[in-house]
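Chain A is the first sequence line, chain B the second, and so forth, proteins listed ahead of strands; every chain is numbered from 1.
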Amino acid sequence: GAGVSQTPSNKVTEKGKYVELRCDPISGHTALYWYRQSLGQGPEFLIYFQGTGAADDSGLPNDRFFAVRPEGSVSTLKIQRTERGDSAVYLCASSPQQLAGASDTQYFGPGTRLTVL
Amino acid sequence: SQKIEQNSEALNIQEGKTATLTCNYTNYSPAYLQWYRQDPGRGPVFLLLIRENEKEKRKERLKVTFDTTLKQSLFHITASQPADSATYLCAPDTGRRALTFGSGTRLQVQP
């Protein structure tokens, strides 16, 4: 079956530009997560959706970052006025979201490598 | 504050040997801990989850231990193979749905 897909795989942009990164989760997975990974580091949490709503956006670094999931499946991470420090791999993950408090295995996409020049 | 530590230096071992990776955490008590594998250019892949009431868990050549007194998890790969070369990430539960990862340890298995 299809896993989590992310597009584009690579994105090069100039400082100050706006970018959108897309995530297509595994069909039927209600939970969707965005992470950011810098070289030599583990992924860092950005935002978590349960269905269409953002259940936890405490990882978003500032108000230039925004994400949506309007129909509860595909999600888009939007970054305004990009800065060189935004360069990283942006990972998306989904999970079936079992009972509250249960531990969910997360299934990751391959990531989008964002480079801000 | 919660802190997760993994050895940032790469671990180099010979094929056939047992690889042991360490994950230490401080200032909290996770109910469970997950281990993921990440290959270059790919997202992490789930390997094992161990709960606080489990001392040890095994899956094929993989074994994970969880010592809540030492606040440490050990991840073992027995009879290692070059195909096991990857970065291994631990993610102790922090009470949130989102995962909080350590920085990962890169394992290199030499043929």
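Within the 4.5 angstrom heavy-atom criterion, only side-chain atoms of A/S58, from C-beta onward, approach chain B. A/Q6 does not touch chain B: none of its heavy atoms, backbone or side chain, sits under 4.5 Å away. Using a 4.5 Å cut-off between heavy atoms, B/R106 does not touch chain A at all. In this structure, the portion of A/Y35 lying under 4.5 Å from any heavy atom of chain B is its side chain and not its backbone. Heavy atoms of B/I4 lying under 4.5 Å from chain A are absent altogether.
Remark: A/Y90 pairs with no residue by the ring-ring contact (aromatic ring centres under 6.0 Å, His included) rule, at least two apart or across chains. Applying the side chain to side chain donor-acceptor pair (under 3.5 Å) criterion to B/R61, with sequence neighbours excluded, gives B/D84.
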### Message
If you apply the rule side-chain hydrogen bond (donor to acceptor under 3.5 Å, both in side chains), what do you find for B/N24 with B/Q72, and how did you get there?
### Response
CA-CA 4 Å; B/N24 295 298; B/Q72 180 182 80; 2.9 Å; yes
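The shortest heavy-atom contact between B/R37 and B/A86 is NE-CB, 3.5 Å.
The greatest number of non-hydrogen atom pairs below 4.5 Å with chain A, out of B/Q38, B/Q6, B/R42, is found for B/Q38. For the set A/A55, A/G111, A/P43, A/A93, the count of heavy-atom pairs under 4.5 angstrom toward chain B peaks at A/P43.
The aromatic rings of B/F66 and B/Y25 lie perpendicular to each other, with more than 60° between the two planes, well past the 30° mark.
Between B/L62 and B/W35 the shortest side-chain heavy-atom distance does not fall below 4.5 Å.
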